[in-house]
Amino acid sequence: MRIGSGIDVHAFGPGDAVMLGGVRVPHTHGLVAHSDGDVLLHALCDALLGAAGLGDIGQHFQDSDPQWRGADSASFLTAVLGMVRAAGFAVLNADLTVIGQVPKVAPHRAAIRARIAQLLALDPACVNIKATTTEALGFLGRAEGLAAQAVVLLDEA
Ligand code: MG
């Protein structure tokens with residue numbers, strides 16, 4: 001078995017929604033990013049790549065590459081899953097944490113869990129979505145952006 005972890009952060013900017021785990025979450029701001037800025041899917045991609053020993057998301061989807069401008073991060077996850085499988089691994093579970101003051105994740109938790117389970121071809125019971133604030137401390141507490149952390153476990157397929 002192989003474990004992997006990933007983290008990601010994006011700053012809030014103009015917009016009226018954020019993409020979080022492949023789900024559109026209405027908010028007073030969007031996220032500044034070359035792609036759609038989905039911190040949860042980016043952290044998950046890094047965890048998967050890390051567990052498989054395949055580097056990080058920036059190596060595979062460079063943020064200077066015009067083809068990824070505004071990209072749906074679900075397409076990154078699908079591509080990463082293909083790489084992980086090609087390397088001989090299957091995903092066992094994913095444990096994901098959204099870190100930020102806003103927006104509230106709870107109303108969207110079930111939808112995010114279902115979407116990520118679908119993208120990973122896993123039972124939703126194998127995908128866990130947690131959310132925490134930073135008790136108003138730091139840049140996340142000041143609602144300057146959003147962060148996510150992911151941990152995954154792979155097994156030899
Ligand atoms: Mg990112």
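Worth knowing before you read on, the calculation uses all heavy atoms, side chains too, and leaves out hydrogens, waters and symmetry mates.
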Checklist line | Set of residues satisfying salt bridge (charged side-chain N to carboxylate O under 4.0 Å, His left out) with respect to D95, sequence neighbours excluded | finding: K130
Notebook entry, point to check: Are side-chain heavy atoms of L49 and H60 found at a separation under 4.5 Å?
Noted result: yes
Item checked: Distance (rounded to the nearest 0.5 Å) between I116 CD1 and L77 CG -> 7.5 Å
Item checked: Residues in side chain to side chain donor-acceptor pair (under 3.5 Å) contact with D36, at least two apart in sequence or another chain -> S73
Next item on the list: Mind checking side-chain contact (heavy atoms from CB on, under 4.5 Å) for L92 and listing every partner two or more places apart, or none if nothing turns up?
Entry: M1, L153, D155
Margin query: With rounding to the nearest 0.5 angstrom, report the CG to CG distance, D46 to D8.
Written below: 7.0 Å
Next item on the list: Inspect the surroundings of CD in E156 and state if more than 12 heavy atoms from other residues, nucleotides or ligands are less than 6.0 Å away.
Entry: yes
Next item on the list: Could you pull out all residues at least two apart from A74 that satisfy side-chain contact (heavy atoms from CB on, under 4.5 Å)?
Entry: L41, D72, R115, L119
Note to self: Would you compute the distance between atom CG of L146 and atom CG of L140 and round it to the nearest 0.5 angstrom?
What the structure shows: 7.5 Å
Next item on the list: Identify, with sequence neighbours excluded, every residue that meets salt bridge (charged side-chain N to carboxylate O under 4.0 Å, His left out) alongside R142.
Entry: E144
Notebook entry, point to check: Aromatic rings H42 and F76: how do their planes relate, parallel, tilted or perpendicular, breaks at 30° and 60°?
Noted result: tilted
Note to self: Given 3.5 Å as the limit, does a donor-acceptor pair link the side chain of R113 with the main chain of I129, or not?
What the structure shows: no
Margin query: Run the salt bridge (charged side-chain N to carboxylate O under 4.0 Å, His left out) test against R24 and tell me which residues pass, sequence neighbours left out.
Written below: D16
Check: What distance do I112 atom CD1 and L40 atom CG have between them, rounded to the nearest 0.5 Å?
Finding: 6.5 Å
Note to self: Please report the interatomic distance CZ(R109) to CG(N128), rounded to the nearest 0.5 Å.
What the structure shows: 8.0 Å
